[in-house]
Amino acid sequence: LTEAACHSLNTDITRHPCYSEEAHRYFARMHVPVAPACNIQCHYCNRKFDCVNESRPGVVSELLTPDDAIRKVTGVAAQLMQLSVVGIAGPGDPLANADKTFETFGGLRNVVSDVTFCLSTNGLTLNKHIDEIVELGIAHVTITINAVNPDIGSQIYGWVYDEDEDRKYEGREAAELLISRQLEGLKALTERGVLVKVNSVLIPGVNDEHMSEVSRTVRSHGAFMHNIMPLIIAPGSRYEEEGREAPSPRMLHKIQKDCAGEGSKIMRHCRQCRADAIGLLGEDRSADFTWENLA
Ligand code: CLF
Ligand code: SF4
């Protein structure tokens, strides 16, 4: 998309702290944690904590109901002039809690103007929600895609639950289903004018050598930007039991550089936020915005 096209779709990246490196110095995002459930199992995750796809492991966000989230955003927007984005990123998968997620965005539409809506998902059920996302004006969606090859994906995901069939998939089949839904959702959103960022968790020994293929594939399906994030292992997760380790900064930078060299627009300023973060990236002011302070 050209910059002019972004403006006409209300996908003004110059005010989005994640989609624009420059914007992250001046504009703030607020996450509302309304989405507790998840429909897949990543080996780096422990459900006691927030979704690791866009968040630090070991963090527990306090859940909000959609009504409370709407009240909270209204209060914060009145006090935090830099607020430009409201996002739903957990603590589970926002689209595994589609009713709560869309009720929140729908309600916010009526009470805040001049903020962009942002959604982060593992992508499993995106195919069912494209129209709703577009109709609610959710201009930015992030999909966490860690592999595009099911053999590699089967080393990352324990299972995937398909609610329509009421069936739990495991192993290669689970990864195959998830990957096909992710790529289908990415393409469909892009075709409808939504700006899609792809997050990938870099897992040494699993997807490090695969990452440039991931980057190429998501680019060819329309991804606007690729955010390759270092694995941080949640306490109590399968990867912790296996003794896996985070990538070195050197490995992360080399892979980001290689993917950029092949033509992907790489995000380098991600701070792996919590599902209830408020403020500039890297800053968490959620403690400043208690109900008492907002009253
Ligand atoms: Fe939040 Fe994510 Fe939207 Fe940003 S975070 S839902 S795109 S408004 Fe940003 Fe945080 Fe990194 Fe995510 S720094 S974890 S990339
Ligand atoms: Fe955990 Fe993965 Fe579900 Fe996020 S998508 S809550 S990391 S299992």
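As the structure lists them, so they are numbered: ligands from 1, and atoms in each ligand from 1. Being a predicted model, the structure only gives us computed values, none of them experimental.
Here the shortest heavy-atom distance to atom 15 (S) of ligand 1, taken over Met30, Gln272, Lys197, belongs to Lys197.
At a threshold of 2.8 Å, atom 3 (Fe) of ligand 1 has a backbone or side-chain N, O or S atom of Cys118 nearer than that distance.
At a threshold of 4.0 Å, the pair Arg244-Glu240 does not count as salt-bridged, since none of the basic side-chain nitrogens sits closer than that to a carboxylate oxygen. The pair Asp162-Arg181 counts as a salt bridge, with a side-chain nitrogen and a carboxylate oxygen less than 4.0 angstrom apart. A salt bridge does not link Lys168 with Glu173: none of the charged nitrogens is closer than 4.0 Å to a carboxylate oxygen. Under a 4.0 Å N-O distance rule, the pair Glu21/Arg268 does not qualify as a salt bridge.
Using a 4.0 Å cut-off between heavy atoms, Met229 makes no contact with ligand 1 at all. If you look at Ile88 next to ligand 1, there are no close heavy atoms at all, none under 4.0 Å. At a heavy-atom cutoff of 4.0 Å, ligand 1 is contacted by no atom of His269, backbone or side chain.
Nearest protein heavy-atom contact of atom 7 (S) of ligand 2 is Val52 N, 3.3 Å. Among protein heavy atoms, atom 2 (Fe) of ligand 2 sits closest to Cys42 SG, 2.3 Å. Of the protein's non-hydrogen atoms, the one nearest atom 4 (Fe) of ligand 2 is Cys51 SG, 2.2 Å. The single protein non-hydrogen atom nearest to atom 5 (S) of ligand 2 is Asn53 ND2, 3.1 Å, given as residue, atom name and distance. Given atom 1 (Fe) of ligand 2, the protein heavy atom at minimum distance is Cys45 SG, 2.3 Å.
Contact atoms of ligand 1 toward Asn227: 15 (S) (distance under 4.0 Å to a heavy atom of the residue). Atoms of ligand 1 found under 4.0 Å from any heavy atom of Leu281, numbered from 1 in the order shown, are 13 (S). The atoms of ligand 2 that sit less than 4.0 Å from any heavy atom of Cys38 are 3 (Fe), 5 (S), 6 (S), 8 (S). Less than 4.0 angstrom separates some heavy atom of Asn122 from each of these atoms of ligand 2: 5 (S). Numbered from 1 in the order shown, with element, the atoms of ligand 1 that lie under 4.0 Å from a heavy atom of Cys273 read 5 (S), 10 (Fe), 13 (S), 14 (S). For ligand 1, the atoms lying closer than 4.0 Å to a non-hydrogen atom of Arg271 are 11 (Fe), 13 (S). Taking a cut-off of under 4.0 Å to the non-hydrogen atoms of Thr142, the atoms of ligand 1 that pass are 7 (S). Atoms of ligand 1 found under 4.0 Å from any heavy atom of Val85 (numbered from 1 in listed order, with element): 8 (S). In the vicinity of Tyr44, heavy-atom distances shorter than 4.0 Å reach the ligand 2 atoms 7 (S). Atoms of ligand 1 found under 4.0 Å from any heavy atom of His31 (numbered from 1 in listed order, with element): 1 (Fe), 5 (S), 6 (S), 8 (S).
A donor-acceptor pair shorter than 3.5 Å cannot be found between the side chains of Thr144 and Asn122. Between His226 and Ser215, the side chains place a donor N or O and an acceptor N or O closer than 3.5 Å (distance only, hydrogens not considered).
The shortest separation from a heavy atom of His140 to ligand 1 is not under 4.0 Å, leaving the residue out of contact. Using a non-hydrogen distance threshold of 4.0 Å, His24 does not register as a contact of ligand 1.
Other residues, nucleotides and ligands contribute more than 12 heavy atoms inside 6.0 Å of the CD atom of Glu165. Within a 6.0 Å sphere centred on NZ of Lys128, heavy atoms belonging to other residues, nucleotides or ligands number more than 12. Within a 6.0 Å radius of CD in Glu209, no more than 12 heavy atoms belonging to other residues, nucleotides or ligands are found. Atom CD of Glu245 has 12 or fewer heavy atoms from other residues, nucleotides or ligands within 6.0 Å. Residue Lys100 qualifies as open at atom NZ: its count of foreign heavy atoms under 6.0 Å is 12 or below.
Aromatic ring centroids of Phe117 and His140 lie 6.0 Å or more apart.
Note that Arg109 lies outside the cation-pi zone of Phe105, set by a 6.0 Å cut-off to the ring centre and a 45° limit from the axis.
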